[in-house]
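Working notes, beginning with the structure itself.
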Amino acid sequence: MIKVLFFAKLRESLGCGSLEWPVQEPLSLKDLRDQIIARHPEWEPDLCAQNVIAAVNQAVAAPHEVVQPGDEVAFYPPVTGG
Amino acid sequence: MIKVLFFAKLRESLGCGSLEWPVQEPLSLKDLRDQIIARHPEWEPDLCAQNVIAAVNQAVAAPHEVVQPGDEVAFYPPVTGG
Amino acid sequence: MEPLIRVGEADFDVGVEVQRVLAMADTIGGVVNFVGVMRSNNDGRAVEAMHLEHYPGMTEKALAAIAQQASERWSLEAITVIHRVGLFKPGDQIVLVVTAASHRGEAFQACEFIMDFLKTRAPFWKKEITAQGEFWVDARSSDDSAADRWQST
Amino acid sequence: MEPLIRVGEADFDVGVEVQRVLAMADTIGGVVNFVGVMRSNNDGRAVEAMHLEHYPGMTEKALAAIAQQASERWSLEAITVIHRVGLFKPGDQIVLVVTAASHRGEAFQACEFIMDFLKTRAPFWKKEITAQGEFWVDARSSDDSAADRWQST
């Protein structure tokens with residue numbers, strides 16, 4: 001399993017805050033996203049938006065980064081704190 | 001009369017914090033200083049030191065600035081506040 | 001020098017945080033603070049309240065990483081970063097960054113650096129509540145530029 | 001926007017001063033503070049206490065003039081300058097500069113500008129009291145350089 005989290009505007013657009021994704025083998029962040037989109041085709045515009053940021057285990061990660069069972073993955077829009 | 005003030009290390013070196021200087025006519029700050037030195041020759045090294053700052057009526061002033069009866073003049077070393 | 005990082009709903013008192021820092025080292029010559037505050041107006045839009053969401057866990061890590069970078073870059077005696085989350089009214093304090101150093105120049109630069117990176121790297125999101133509805137705040141490109149200028153120096 | 005300038009022996013509470021500023025305008029987005037503190041050590045010399053002398057009357061005028069320059073140069077919502085005089089112990093607060101603005105960059109620059117000019121233009125003098133005797137503090141050329149850099153920008 002990989003825990004997948006969505007935040008802020010992205011969470012609201014998808015109508016989903018978190019999900020558990022079944023994974024047996026390591027795969028790239030991009031492949032994980034594509035698998036999720038295959039299951040939820042209506043999420044593609046929001047999840048593939050240019051400005052969406054991804055984090056693996058709470059650190060910002062590039063699409064080619066490899067994730068594995070037990071990891072925590074998050075997708076979120078540009079940050080606006082401070 | 002012109003009120004003349006000395007501050008900090010300069011005050012301690014001269015052994016004088018303030019004096020009333022009799023003046024009837026306007027004169028330059030430099031001439032005022034020379035008159036004071038004529039009266040207190042031992043003050044020359046301290047009062048003519050390169051880094052001594054002069055103020056007229058509580059604003060920093062150049063040696064050629066004209067002072068007149070009723071003015072307040074101050075001489076002091078470089079500042080070290082903050 | 002262990003930075004103090006705190007994320008939560010509780011408000012803060014700048015005076016208390018300055019005193020806490022001063023009690024840590026007697027080599028401090030200057031303390032710089034930044035307090036971020038909720039404005040009643042954003043780009044001409046009246047804002048009644050604001051909700052601040054974050055990514056628990058990652059937020060603390062991101063702030064600690066930014067504080068760590070600042071402490072490697074400048075000679076600092078103390079760093080405090082407090083970021084509030086939850087519901088805010090205009091005038092409420094949102095974020096506090098405290099940097100202390102022997103010399104003021106380092107404290108000023110480190111404080112501004114931490115704010116610039118916090119604005120662009122830490123996972124917080126603001127949603128404004130107005131008479132016209134609720135709106136997620138867009139990221140500012142001026143904040144990106146502010147963070148970018150530290151790369152070239 | 002009328003700057004608050006205060007010179008005297010009384011201590012200050014940074015938290016109280018920040019709240020005072022926040023009560024003045026609801027367009028404030030960021031407040032920057034600098035607190036200058038007495039160090040127990042100056043260039044390797046242990047300092048037990050310090051006496052701070054000033055030129056009453058001129059001090060307030062000089063600080064007001066510096067605040068005025070800052071308010072002409074940056075878009076500020078509030079300025080506070082508090083400078084203490086008298087006898088200090090290590091760790092005591094000496095000076096507080098508060099600048100508030102809609103945007104943090106202006107508040108940061110104005111606060112640093114006021115400190116740089118205060119250090120080089122306002123008539124205060126420090127005398128350190130050590131086990132070896134009392135010594136007037138020499139002006140730092142680094143403070144002159146800090147003030148000079150504002151001329152060329």
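It should be emphasised that the depicted structure is a prediction, and the values quoted were computed from it without experimental measurement. A note on names: the letters A, B, ... follow the listed sequences, proteins ahead of strands, and every chain is numbered from 1.
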Residues D116(D) and R149(D) bridged, charged N to O under 4.0 Å = yes

Would you call L52(D) and I94(D) a side-chain contact if the rule is heavy atoms closer than 4.5 Å?
-> yes

E128(D) side chain to W136(D) side chain, donor-acceptor N/O pair below 3.5 angstrom = no

Heavy atoms only: give me the nearest N33(D)-C111(D) pair and the separation to one decimal.
-> C-SG, 4.1 Å

Which of residues 13-31 of chain B get closer than 4.5 angstrom to chain D, counting heavy atoms alone?
-> none

Please assess E53(D) against R11(B) for the test salt bridge (Lys or Arg N to Asp or Glu O under 4.0 Å), listing each intermediate value before the final yes or no.
-> CA-CA 11 Å; E53(D) 174 178 340; R11(B) 173 174 48 73; 2.3 Å; yes

Scanning both residues in full, the closest heavy-atom pair of A122(D) with L63(D) reads CB-CD2, 3.9 Å

Inter- and intrachain pairs under ring-ring contact (aromatic ring centres under 6.0 Å, His included), touching residues 62-84 of chain D, at least two apart = W74(D)-F113(D), W74(D)-W150(D), H83(D)-F124(D)

Lys/Arg-Asp/Glu bridge criterion (N-O < 4.0 Å) met for K9(B), E12(B) | no

Contact origin within R140(D) toward chain B - heavy atom pairs under 4.5 Å = neither

Which atom of A49(D) lies closest to which atom of K89(D), heavy atoms considered = CB-NZ, 4.2 Å

Atom pair CE (M38(D)) and CG (L87(D)), whose distance is rounded to the nearest 0.5 Å | 8.5 Å

Sub-4.5 Å side-chain heavy-atom contact between V14(D) and Q93(D) | yes

For K126(D), is it the side chain, the backbone, both, or neither that has a heavy atom closer than 4.5 Å to a heavy atom of chain B?
-> both

Sorted by number, residues from residues 36-55 of chain B in contact with chain D (heavy atoms, under 4.5 Å) = A55(B)

Distance col, row I5(D):CD1 vs T80(D):OG1, nearest 0.5 angstrom, shows 8.0 Å

E77(D) and T27(D): CA distance, side-chain angles, deciding distance, side chain to side chain donor-acceptor pair (under 3.5 Å) verdict | CA-CA 8 Å; E77(D) 304 288 335; T27(D) 48; 3.0 Å; yes

Can you tell which of R84(D), M115(D), K127(D) has the highest number of heavy-atom pairs within less than 4.5 Å of chain B?
-> K127(D)

Exactly one of L96(D), V98(D), V95(D) clears side-chain contact (heavy atoms from CB on, under 4.5 Å) with V35(D), and that residue is L96(D)

Of the backbone (N, CA, C, O) and the side chain (C-beta and beyond), which part of H51(D) lies under 4.5 Å from a heavy atom of chain B, both, or neither?
-> neither

Within a strict 4.5 Å, meaning less than it, do heavy atoms of the V47(D) and R39(D) side chains meet?
-> no

Who in residues 66-82 of chain B is close to chain D, using a strict under-4.5 Å heavy-atom cut-off?
-> E72(B), A74(B), Y76(B), P77(B), P78(B), V79(B), T80(B), G81(B), G82(B)

